[in-house]
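Report on the structure given below.
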Amino acid sequence: MYQPYDVIIIGAGIVGAMTARFLSRYALKILWIEKESDICTGTTGANSALVHGGYDAMPKSLKAEMNVRGNAMWDALSEELDFAFARIGTHVVAIGEDELPALDELKARSDLNGVPTEIIAAEEMRRREPLINPEVSGALFCPSGGICDPWGATIAAAENAVQNGVELRLNTEFQDFLWEPSKIQSPKSKIVGIRTNQGDFYGRWVVNAAGLFADEVMHKAGLRPAFEITPRRGEYYVMDRNQIQTQTVLFPVPTKVSKGILVTTTLHGNTLVGPNAEEIDDKTDVAVTAAGMREIWDGARKLIPSLDARHVIAVFAGLRAGGNAPCLDCDEAYHKDFIIEIPAQVQGLVNLGGMESPALTAAPAIAERVVALLRGAGEPLVEKADWNPRREARPVFRHLDHAEQAALVARDPRYGHIICRCEYVTEGEIVAEIHAPIPATTYDAIKRRTWLGTGRCLGGFDMPRVVDILAHELGQDPLEISKKGAGSEFLVRKTKEVA
Amino acid sequence: MKSLKDNYDVIVIGAGPGGLAAAIAAKKNGAEDVLMIDRDLELGGILLQCIHNGFGVEIFKEDWPGPSYAQHFINEAQEVGVDAMLDTMVLDVTPDRKVYATGPGRGFVELEGRAIVMAMGCRERTRAQIKLPGPRPAGVYTAGLAQRWVNVEGYMPGKRFVILGSGDIGMIMARRLTFEGAKVERVLEVLPYLSGLNRNYVQCLLDFDIPLQLQHTVKRIIGKDKVEAVEAVAVDDHWNFIPGSEEIIPCDTLLLSVGLIPENELSQKAGVALDPVTNGPFVDDGFLTNVTGIFAAGNVVHVYDLVDWVTQAGLTAGKRAAQYAQGCYNVNPRYVPTAAGENVRYVVPHKLDPETLTEDGIMLQMRVTQPLEFPVRIEVRDGDTVIAKKAARYARPGEMVDITLKGKDYDAVRQARELTARVVAR
Ligand SMILES: Cc1cc2nc3c(=O)[nH]c(=O)nc-3n(C[C@H](O)[C@H](O)[C@H](O)COP(=O)(O)OP(=O)(O)OC[C@H]3O[C@@H](n4cnc5c(N)ncnc54)[C@H](O)[C@@H]3O)c2cc1C
Ligand SMILES: Cc1cc2nc3c(=O)[nH]c(=O)nc-3n(C[C@H](O)[C@H](O)[C@H](O)COP(=O)(O)OP(=O)(O)OC[C@H]3O[C@@H](n4cnc5c(N)ncnc54)[C@H](O)[C@@H]3O)c2cc1C
């Protein structure tokens, strides 16, 4: 007989991934759906990659609470799930004496949030970041801040969830809820499943982790009609690490609308510059714009004047899922809080919304809260005897020293075959990802997992080679291989057979 | 070829025309063990995908396709007994000339060379480097990538193309794609003049009625999954968009031919200093870099438009590398520096050793800053004294300019404090 799911999770960003991973611990039958051809293609795929300390979040908001708690969970998770994370601290830098008072204000807020910070002198800032604008007047240092690889963390969590029995379905789009047929007044009171482009799926609980589309999902359940997500686009530059290497995470003093345009080092050694903040209409418009790129450049040079436009190797944009949920506990009016709730109006929904920054940082805490909410709603949540919290990363050629590289190549010659000339990604790594627990089946999926094509040549060297490998490993024709799923195929036909 | 070992007199990294010539010359000039390493499956470098004619015009007075030109040197390399390691990527070169490389066949190897010639060629500039706005769909490729797909892999990446940039690869691909039945809608060039060779404009665009629009660029790419169109726009002399000139050109592929960058990541690991103008190493007239025993040849030094000069540079670098390996190279001479003067963007080599002047002469290669479409004079001066001069019908940024210093100039060269090159109206 058809066995309904216990939990259906909508959305495979970091919030969905952490939720899936945390719930995979319990004896639950879980379906996890994502509308795109891979996980991690939404906001989680394009952001500043910072694990924020939480000093600047609105005191008493859910955001502040989740930020601080989430931040504290990253070390253990990165160890269990074997993904990269470095708690190198973050700086808010005052340029010129005028900006100094802003540091005191931030310091006061960090105290309210219980986040340790310290104000450091200009000289110390110059020592930590030799490329800093010489007019630096001081900085607020938050030692608990860190840098992560959002792709790596999300994929690790997702993989662990799948290894522990979560069923992931890609290319599956939530369209509507299924309701229990009911004879009493309110026909929409108990959710029994969802309708998707791939058919209906029945489940007792549905978790809304749809990121930018979370408002539309909750509206389908008749909830929070006034809640609206306005996409706010942020554009970025990635710099060539051979040309410039900053050492730290540098924010300007914040403005009313955003944390400002930052300059940060990344786990890959490239300096990342951005984002600006522009409200737009289209929740899928991740285009970079000429105006945005100029704005970032001006902002970033305020912190690091020596940034040279010739050393840009990549540009990209991400969309913040800016919500308008009020915070009832906050001392001042605040309308940008997270929503993490089991709403009373309907049965069977865990509703998440407004997951803008710092939801990357907060994702583990949000997942933990989802577990607590379900338990509070009477779910027994029995731990599985065979739950495995650990997931092991696969070999990464470029992270090894010469002796280790030689040993790896001796074991499997495919690891000696460099496919990405800039980042030294090997055939062995690519093949491993194609056959991983969550198989990478597109070029971009391989890029997210191996970091291939992210270097100076933007994949110009590896692309034909990766298309070949994908076609071979998947048993497909090269004409079927795509960048990011159906409709984005690289090739149209063979030569000499005129269309 | 004999079996491979760990120690070589000369190791050449990259087996394009630059590397092939260097390896051959090294062997012919007394280096016993010479090895070429290339990450490709075959020798020949970028020439393998250049199946069009136009190679060997200067040296051989021939008009060969790229692979034929390469084959000439591949045969010679085999005849003189150069070793080759193919399908092998060099990962690291140290200042003391250890070479770490890996490939699926031979595995991970550590080698050592008495001398090394860097001949890694160049790579293409990407959409990020020109800050091209828009989303990131499939269908935006560099022209060289499209060339590889079409000529080597046998696949078409699109049906309807727009090409941004009038570089040679782009123009050559415009013709190639037309042969293959694709429609090339337009070539757009932001500059008021061509960035590639005029010969390619005539043979690849004019002859096929492919429109070229100077002072035009792409304002943005349209299409989320796959390119659907580009928005073209006219620009003024300062590259500002001219409002009202926008035009949507439907297409499924945008090719970029917007410049090449010498590929010097390995050189940098070995401590080689780069000239920010050329993006290649500072070199002397023997193509020695600032690191003793490490030479460079071909597109890795600066971007050439004619393969013949790449071969010639390789021959010089290989010969000098062999001399170095045999202990007869003066690495600390009294150099005479060269300098870029009026209307010259850069000069290669950056300095020369007057003691090594030979009867072959020394070619100074340069690129001009501004196009001069009238008779010009190329001069080499020491202060106000003209040491050598040469006439040309025009000078264009897309076409390398050269002048050769010969025996009669050598006395003046030896006395000179600095050799300044300039290209001015005649
Ligand atoms: C410019 C920028 C900078 C940021 N910097 C930081 C930072 O430094 N630190 C930090 O902590 N946070 C940062 N953030 C915020 C952080 O990236 C996001 O809060 C976080 O990634 C949100 O994760 P998510 O899982 O909620 O959303 P997403 O990653 O967007 O995931 C939602 C998923 O749901 C899927 N989906 C949507 N609708 C449907 C449907 N109907 N059916 C099926 N699937 C669906 C989407 O395809 C998507 O994959 C930044 C955000 C931006 C834009
Ligand atoms: C599309 C195109 C059309 C052209 N048309 C003409 C023409 O019509 N006429 C003409 O005269 N000239 C033409 N040229 C110019 C000429 O072909 C080039 O200047 C010349 O090929 C450069 O030679 P090279 O040896 O410096 O570099 P390349 O030919 O690029 O060779 C470099 C080699 O180094 C290898 N390599 C790089 N890094 C590594 C590493 N880390 N490990 C191992 N191997 C490595 C590469 O695989 C490659 O084989 C054209 C060039 C192009 C790109």
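Reminder, nothing fancy here: chain letters follow the sequence lines and each chain counts from 1. Nothing here was measured: the structure is a model prediction, and the numbers come from that model.
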> Judged by atom type as modelled, is there a donor-acceptor pair below 3.5 Å linking the side chain of A:N197 to the main-chain atoms of A:E173?
Replying inline: yes
> A:R465 and B:R148: side-chain contact (heavy atoms from CB on, under 4.5 Å), yes or no, with the steps?
Replying inline: CA-CA 11 Å; A:R465 293 162 171 88; B:R148 181 176 172 108; 3.3 Å; yes
> By a 4.5 Å heavy-atom criterion (distance strictly below it), what part of A:V467 contacts chain B: side chain, backbone, both, or neither?
Replying inline: side chain
>> What part of A:Y443 gets within 4.5 angstrom of chain B, counting heavy atoms only: side chain, backbone, both, or neither?
In response: neither
> Non-hydrogen atoms of chain B under 4.5 Å away: do they reach the side chain of A:A406, the backbone, both or neither?
Replying inline: both
>> Can you tell me which portion of A:M463 sits under 4.5 Å from chain B's heavy atoms? Options are side chain, backbone, both or neither.
In response: both
> Tell me, side chain or backbone of B:L266 under 4.5 Å from chain A's heavy atoms, or both, or neither?
Replying inline: side chain
> Is it the side chain or the backbone of A:V492 that comes within 4.5 Å of chain B heavy atoms, both, or neither?
Replying inline: both
>> Does any backbone or side-chain atom of A:A317 lie under 4.5 Å from a heavy atom of chain B? Answer side chain, backbone, both or neither.
In response: neither
> Given that the side chain runs from C-beta out, which part of A:S482 has a heavy atom under 4.5 Å from chain B: side chain, backbone, both or neither?
Replying inline: neither
> Out of A:R449, A:K484, A:K447, which one pairs with A:D38 under the salt bridge (Lys or Arg N to Asp or Glu O under 4.0 Å) rule?
Replying inline: A:R449
> Is it the backbone or the side chain of A:D444 that comes under 4.5 Å from a heavy atom of chain B, or both, or neither?
Replying inline: neither
> Non-hydrogen atoms of chain B under 4.5 Å away: do they reach the side chain of A:R241, the backbone, both or neither?
Replying inline: neither
>> Any donor-acceptor pair under 3.5 Å linking the side-chain atoms of A:E36 with those of A:T41?
In response: no
>> Among A:V312, A:T426, A:V315, which residue has the highest count of heavy-atom pairs closer than 4.5 Å to chain B?
In response: A:V312
>> Please classify the contact of A:D462 with chain B as side chain, backbone, both or neither, using a heavy-atom distance under 4.5 Å.
In response: neither
> In terms of heavy-atom proximity below 4.5 Å to chain B, should A:E427 be classed as side chain, backbone, both, or neither?
Replying inline: neither
>> Would you call the rings of A:F490 and B:W149 parallel, tilted or perpendicular, taking 30° and 60° as the class edges?
In response: tilted
>> Can you tell me which of B:E124, B:R220, B:R136 forms the most heavy-atom pairs within a distance under 4.5 Å of chain A?
In response: B:R136
> Taking every heavy-atom pair that is under 4.5 Å apart, which of B:G154, B:G107, B:G223, B:G139 has the most such pairs with chain A?
Replying inline: B:G154
> Which atoms of A:R398 come close to chain B, meaning under 4.5 Å heavy atom to heavy atom: side chain ones, backbone ones, both, or neither?
Replying inline: neither
